[in-house]
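Letters A, B, ... mirror the listed sequences (proteins, then strands); counts begin at 1.
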Protein chains: 2
Amino acid sequence: MATGESRAPGGAAPEGYDKYAFEPFAVTVDLAVLTVRAGALQVLLVERGREPYAGRWALPGGFVLPRESAEAAARRELAEETGLSDISGLHLEQLRTYSEPDRDPRMRIVSVAFAALLPDAPEPHGGGDAAQAQWLRFNALGPLAFDHDRILADAHERVGAKLEYSCLATSFCPPEFTLGELQHVYETVWGTALDRPNFRRKVLATPGFVEQVPGAARLTGGRGKPAALYRAGGAKVLHPPLLRPTS
Amino acid sequence: MATGESRAPGGAAPEGYDKYAFEPFAVTVDLAVLTVRAGALQVLLVERGREPYAGRWALPGGFVLPRESAEAAARRELAEETGLSDISGLHLEQLRTYSEPDRDPRMRIVSVAFAALLPDAPEPHGGGDAAQAQWLRFNALGPLAFDHDRILADAHERVGAKLEYSCLATSFCPPEFTLGELQHVYETVWGTALDRPNFRRKVLATPGFVEQVPGAARLTGGRGKPAALYRAGGAKVLHPPLLRPTS
DNA sequence: CTGACCATGGTCAGACTGACCATAAAGAGG
DNA sequence: CCTCTTTATGGTCAGTCTGACCATGGTCAG
């Protein structure tokens with residue numbers, strides 16, 4: 001920025017910034033908080049209590065405070081909505097900014113959208129709005145408030161794409177997980193079935209993706225052979241990527 | 001947004017939005033306009049004439065107008081900076097939003113950054129600031145104004161990554177181009193050399209990436225065998241991707 | 001004890017990649 | 001005119017990776 005002073009609206013002020021020679025906007029953050037739970041991709045939504053879009057589901061979010069960045073605002077809102085104390089390790093990623101002039105019918109609002117990935121999916125129980133916050137299955141969502149359908153679709157697309165070439169999937173898993181659970185994340189987000197032996201081979205052949213927890217094993221719900229437990233490794237990217245089935 | 005009215009700063013106004021119960025921000029766009037010219041990746045920069053960062057190079061950009069989206073603002077600024085009349089077909093992509101409270105020492109500014117890819121690289125000659133706008137080689141840039149180093153680095157990383165799995169490279173090329181020129185785009189952006197026969201094979205084996213212009217051929221500067229001309233095909237993504245050398 | 005279920009290991013053909021070699025067509029320079 | 005350099009284009013070949021399988025082993029529900 002800072003190069004367009006001479007074209008700033010609201011007056012031809014050479015001093016530009018200092019005279020507020022521009023239209024001020026409200027800046028908010030919107031959060032697409034995703035988790036894999038009960039065999040489905042779920043998203044944290046709040047029910048709107050008043051117009052516009054009263055009764056509709058909406059993404060949690062709120063205003064950016066005067067002295068905080070959008071990232072900080074997103075973390076703050078996330079902590080408030082979910083009631084989680086430890087949000088230091090979770091994956092929070094800026095999606096993009098939505099700035100259509102009429103996206104909020106009341107006034108001009110520019111919103112920075114984030115995607116957050118939660119492993120465990122506790123029931124939301126924070127202060128304030130969190131009382132109305134709820135996990136909903138990604139499919140079979142009615143139309144959301146504002147342009148939140150679009151934001152959610154973008155979040156889904158981004159996360160699905162990042163699973164291909166990054167180790168992001170572990171962010172959906174608890175600290176220790178089985179390869180079956182990890183595969184389930186991929187299958188749920190992508191909506192496709194994967195071949196289990198091939199998935200294992202690929203994941204284990206990628207150095208730093210996962211590392212086995214020595215000795216430990218978990219019985220996945222009691223059914224079948226106990227699976228070995230793994231932790232997320234140090235790697236962040238997958239080379240070569242784990243591509244979606246092309247069909 | 002629109003869900004955090006009760007937590008809006010500046011007063012516990014239940015009416016929230018209508019009372020401006022928030023801090024207004026200035027919203028700008030910053031443009032990382034990239035091209036491949038003279039065998040190098042180049043970026044359009046403007047020289048700052050006043051403090052802060054007087055004399056430093058900065059990304060072009062400006063304020064978002066009251067009734068326009070950030071995308072529209074980016075297109076408007078781009079047209080003004082480059083003086084191009086036809087900016088309908090070029091690739092303009094939102095990068096991310098930079099909102100650190102002190103990124104501009106004068107006041108709080110939230111900036112939405114875009115990457116634009118130009119094929120031909122005409123000398124900038126628009127109205128207004130464009131007089132000072134100039135193409136500079138991507139490497140050997142001194143430190144830029146504000147956090148524009150960071151923005152430019154993010155743009156480079158994004159474009160480099162998108163070359164792998166999309167047909168974006170054709171956006172750097174004129175409407176008709178040779179495979180050698182297309183390969184040159186990859187090599188310049190990635191900073192690595194590619195094997196020519198293998199590159200050809202890969203590109204031609206990807207349906208919809210490029211389509212040959214029948215009959216036409218161009219002598220690439222007079223040297224060597226004339227090359228066949230190609231146009232961008234209808235495809236947008238590369239499946240499987242064209243990965244960077246791992247070294 | 002048996003079958004269902006899941007984890008794990010292995011095989012095998014086809015696709016893809018990287019590293020090459022070979023040839024063709026043009027200009028540059030003697 | 002001939003040769004060298006340069007670029008485009010075509011092909012080979014071995015190694016790797018992938019997708020589609022088959023097989024085995026451990027655990028629980030009957």
Side-chain angles (χ1 to χ4, degrees), chain A residues 39 163-165 173 176-188 190 192-207 209-231 235 237-247, chain B residues 39 163-165 173 176-188 190 192-207 209-231 235 237-247:
Chain A
L163 287 191
E164 290 190 335
Y165 59 90
C173 297
E176 297 190 346
F177 52 87
T178 70
L179 292 186
E181 292 167 348
L182 187 65
Q183 179 178 351
H184 191 67
V185 168
Y186 276 90
E187 293 179 328
T188 304
W190 286 349
T192 63
L194 299 175
D195 181 83
R196 193 177 286 272
N198 290 343
F199 180 82
R200 288 178 61 77
R201 186 197 351 161
K202 176 70 183 175
V203 170
L204 295 178
T206 304
F209 193 177
V210 297
E211 54 189 30
Q212 192 166 0
V213 178
R218 178 195 296 174
L219 296 83
T220 47
R223 313 280 298 172
K225 179 178 175 177
L229 284 179
Y230 293 83
R231 265 193 291 268
V237 294
L238 259 49
H239 239 44
L242 176 48
L243 297 176
R244 269 175 274 210
T246 50
S247 71
Chain B
L163 287 191
E164 290 190 335
Y165 59 90
C173 296
E176 298 189 347
F177 51 87
T178 70
L179 293 186
E181 291 167 349
L182 187 66
Q183 180 179 349
H184 191 67
V185 167
Y186 276 90
E187 293 178 329
T188 303
W190 286 349
T192 62
L194 299 176
D195 182 82
R196 194 180 284 272
N198 291 342
F199 180 82
R200 287 179 60 79
R201 186 192 6 170
K202 176 69 184 177
V203 170
L204 295 177
T206 303
F209 192 176
V210 298
E211 55 190 30
Q212 191 166 1
V213 179
R218 178 193 299 174
L219 295 83
T220 46
R223 311 280 297 171
K225 180 178 174 178
L229 285 178
Y230 293 84
R231 265 193 291 268
V237 293
L238 259 49
H239 239 44
L242 176 48
L243 297 176
R244 269 174 275 208
T246 48
S247 69

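Atom pair B:Glu181:CD and D:dA8:C1' shows a separation of 13 Å (rounding to whole Å applied). Here the P atom of nucleotide D:dT9 and the CD atom of B:Gln183 are 11 Å apart, to the nearest Å. Between the CZ atom of B:Phe199 and the C1' atom of D:dA8 there is a distance of 14 Å, rounded to whole Å. Between the CG atom of B:Leu194 and the C1' atom of D:dT7 there is a distance of 16 Å, given to the nearest Å. Taking atom NZ of residue B:Lys225 and atom P of nucleotide D:dT6, one finds them 17 Å apart after rounding to whole Å. Rounded to an integer number of Å, the gap from CG of A:Leu179 to C1' of C:dA7 is 9 Å. The separation between A:His184 atom NE2 and C:dA7 atom P is 11 Å, rounded to whole Å. Atom pair B:Arg196:CZ and D:dG10:C1' shows a separation of 14 Å (rounding to whole Å applied).
The distance from the CZ atom of A:Phe199 to the CG atom of A:Leu179 is 7.0 Å, given to the nearest 0.5 Å. Between A:Leu243 atom CG and B:His239 atom NE2 the span is 5.5 Å, to the nearest 0.5 Å.
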Grab the N/O contacts between the protein and nucleotides 16-21 of chain C below 3.5 Å, and write none if there aren't any.
unit_1	atom_1	unit_2	atom_2	d
C:dT17	OP1	B:Lys202	NZ	3.1
C:dT17	O4	B:Arg201	NH1	3.4
C:dG18	N7	B:Asn198	ND2	3.4
C:dG18	N7	B:Arg201	NH2	2.9
C:dG18	O6	B:Arg201	NH1	3.2
C:dG18	O6	B:Arg201	NH2	3.2
C:dA19	N7	B:Asn198	ND2	2.9
C:dA19	N6	B:Asn198	OD1	3.1

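Taking the six-membered ring where tryptophan is involved, the planes of A:Tyr186 and A:Phe209 are perpendicular, since the angle between them exceeds 60° and thus also 30°.
The closest side-chain heavy-atom distance from B:Thr178 to B:Cys173 is not below 4.5 Å. At a threshold of 4.5 Å between non-hydrogen side-chain atoms, the residues B:Glu164 and B:Trp190 count as touching.
Checked against side chain to side chain donor-acceptor pair (under 3.5 Å), B:Glu187 has the following partners two or more places apart in sequence or in another chain: B:Gln183.
Of the listed nucleotides (D:dA8, D:dT7, C:dA7), D:dT7 has the atom at the smallest distance from the side chain of B:Arg223.
Here the closest non-hydrogen pair linking B:Val185 and B:Leu163 is O-CD1, 4.5 Å.
Within the 4.0 Å cut-off from OP1 or OP2 of D:dG10, at least one side-chain nitrogen or oxygen of B:Arg200 is found.
Residue-level contact check: B:Ala205 touches neither bases nor backbone, having no heavy atom under 4.0 Å from any strand.
With a cut-off of 3.5 Å on both Watson-Crick or G-U wobble distances, the partner of C:dA13 is given as D:dT18. Base pairing analysis places D:dG30 opposite C:dC1; the two distances defining the Watson-Crick or G-U wobble pair are each below 3.5 Å.
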